[in-house]
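Let me begin by presenting the structure, written as structure tokens, before commenting on it.
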Protein chains: 2
Amino acid sequence: MRNTQATQKIYDIIKDSEIALSHSEVQNMLPEGFCDRATIYRVLERLAQKGSIHKIVNVDGVINYAACEYAANTPSATHVHFNCERCQTVTCLEEIKPNFTLPKNYKIHQSNFVLSGICPNCSAN
Amino acid sequence: MRNTQATQKIYDIIKDSEIALSHSEVQNMLPEGFCDRATIYRVLERLAQKGSIHKIVNVDGVINYAACEYAANTPSATHVHFNCERCQTVTCLEEIKPNFTLPKNYKIHQSNFVLSGICPNCSAN
DNA sequence: ACTTTTATTGCAACACTGTTGCATTTGCAA
DNA sequence: TTGCAAATGCAACAGTGTTGCAATAAAAGT
Ligand SMILES: [Mn+2]
Ligand SMILES: [Mn+2]
Ligand SMILES: [Zn+2]
Ligand SMILES: [Zn+2]
């Protein structure tokens, strides 16, 4: 993977963000006309492939991206995500790893756990 | 909610299905030209609102629908869903209810738990 | 430095999912 | 049967994401 301007900047945006970001949010955080829409999609896909970020499919079907806490690992360490319906943010709850056991022989390649409601911040205000 | 042809037929299709169905799958199972695309979307939304079916957002962001096991209840009884990458099916695993505890004061309105991989059937073949 | 290779990009067109406004139809209750 | 509101058809739209292809730019080789 080449170290291009787009890759750098987009990864920085996601890494520096407290919350998970959708494609359109990333686009809005980039300087006007910095790069093409398609490039953003491709960069995000590449970063996810590489394992430096991970995808979260929100309850509305829109994909969000967050940097992976532990650099090159735990791709499938199934943690929960929270979508706040008031402040419209998606956050990784890295500590919350639900406990469950699948029957028979299911092979898990990926997972997507999302809770939606009101976050503590918004509950307080 | 009125008992229309579209409502009846679409609900029957979902109720009688072993697997969760997407909008396009429902459409393909209806007689050619039975009703408009928009109507299907509206019916599905209505049935979900009413609580006779529930939504599952798949890992690709596409919404699937499944009849609710226990008629008019357990809207949020958070069970897991499985998406098989080989046979392209989404199934409710009603028995599998992950255990987790959220910190602070999160208010949960809805949840979406999906695992993706290879189902037992496809593993065997 | 210059050349070469090829990963990455821009562009533009596309597919797909889902939504909406509005006129018309239809279920259902009075 | 009549009247009303819910539901529908249609057609246009918005948003997300993908793709083919020619042009560009990393980065490795010379
Ligand atoms: Mn996460
Ligand atoms: Mn289910
Ligand atoms: Zn919030
Ligand atoms: Zn399968």
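Quick note on labels: first sequence line is chain A, next is B, and so on, each numbered from 1.
The shortest distance between the side-chain N/O atoms of R46(B) and the OP1/OP2 oxygens of dT8(D) is below 4.0 Å.
Here the C1' atom of nucleotide dA7(D) and the CD atom of E45(B) are 15 Å apart, to the nearest Å. Computed from coordinates, the L44(B) CG to dA7(D) P distance equals 14 Å when rounded to whole Å. Between the OH atom of Y11(B) and the P atom of dA7(D) there is a distance of 17 Å, rounded to whole Å. Q5(B) places its CD atom 14 Å from the C1' atom of dG9(D), with the value rounded to the nearest Å. Taking atom CD of Q27(B) as the reference point, atom P of dC16(C) lies 12 Å away to the nearest angstrom. A straight line from CD of Q8(A) to C1' of dT9(C) spans 15 Å, rounded to a whole angstrom. N58(A) has its CG atom 19 Å from the P atom of dT17(C), to the nearest Å. If you measure from atom CD1 of I63(B) to atom P of dC16(C), you get 17 Å, rounded to the nearest angstrom.
Residues meeting the ring-ring contact (aromatic ring centres under 6.0 Å, His included) test with Y65(A), sequence neighbours left out: none. Residues forming a side-chain hydrogen bond (donor to acceptor under 3.5 Å, both in side chains) with E95(B) (at least two apart in sequence, or on another chain): none.
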Polar-atom pairs under 3.5 Å, protein N or O versus N or O of nucleotides 28-30 of chain C: list them with distances, or write none.
from	atom 1	to	atom 2	distance (Å)
dC28(C)	OP1	N3(B)	N	2.8

Extract from the structure each pairing of a protein N or O with an N or O of nucleotides 23-25 of chain C at less than 3.5 Å, listing the distance.
none

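The distance from atom CG of L30(B) to atom CZ of R37(B), rounded to the nearest 0.5 Å, is 13.0 Å.
Two residues are said to be in side-chain contact when any heavy atoms from C-beta on lie closer than 4.5 Å; I63(B) and I56(B) fail this criterion. For the pair R46(B)/V43(B), a side-chain contact is recorded, criterion being any heavy-atom separation below 4.5 Å from C-beta on.
Using a 30° and 60° split on the angle between ring planes, F100(B) and F113(B) fall in the tilted class, from 30° to 60°. The aromatic rings of H79(B) and H54(B) stand perpendicular to each other, their planes meeting at an angle above 60°, with 30° marking the opposite boundary.
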Verify side-chain hydrogen bond (donor to acceptor under 3.5 Å, both in side chains) between Q27(A) and S24(A), making sure each step is shown before the conclusion. CA-CA 5 Å; Q27(A) 183 167 28; S24(A) 75; over 6 Å; no
K55(A)/E45(A) under salt bridge (charged side-chain N to carboxylate O under 4.0 Å, His left out): CA gap, chis, key distance, verdict: CA-CA 9 Å; K55(A) 297 185 182 189; E45(A) 191 55 43; 3.0 Å; yes
Show, in sequence, the C-alpha distance, side-chain angles and deciding distance for K97(B) and V80(B), and conclude whether the side-chain contact (heavy atoms from CB on, under 4.5 Å) test is met. CA-CA 6 Å; K97(B) 296 177 183 168; V80(B) 169; over 6 Å; no
Derivation and outcome, salt bridge (charged side-chain N to carboxylate O under 4.0 Å, His left out), residues D12(B) and K15(B): CA-CA 5 Å; D12(B) 282 349; K15(B) 180 174 52 59; 3.8 Å; yes
Between L115(B) and N83(B), does a side-chain contact (heavy atoms from CB on, under 4.5 Å) hold up when you go through it step by step? CA-CA 6 Å; L115(B) 298 171; N83(B) 171 65; over 6 Å; no
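Both D60(B) and V43(B) lie near DNA chain D, and the one whose nearest nucleotide falls closer to the 5' end is V43(B). Sequence order on DNA chain C of the closest nucleotides to R42(A) and G61(B) puts R42(A) first from the 5' end.
Each of V114(B) and L93(A) belongs to its own hydrophobic cluster when Ile, Leu, Val, Met, Phe, Trp and Tyr are linked at side-chain heavy-atom distances under 4.5 angstrom.
With axes fitted over five pairs at each extremity, the angle between the ends of the helix from dA1(C)-dT30(D) to dA30(C)-dT1(D) is 30° (10° resolution).
Counting only N and O atoms by type, the side chains of S116(A) and E85(A) include a donor and acceptor under 3.5 Å apart.
Taking every heavy atom of residues 33-41 of chain B and every atom of DNA chain D, pairs under 4.0 Å involve F34(B), C35(B), D36(B), A38(B), T39(B), by number.
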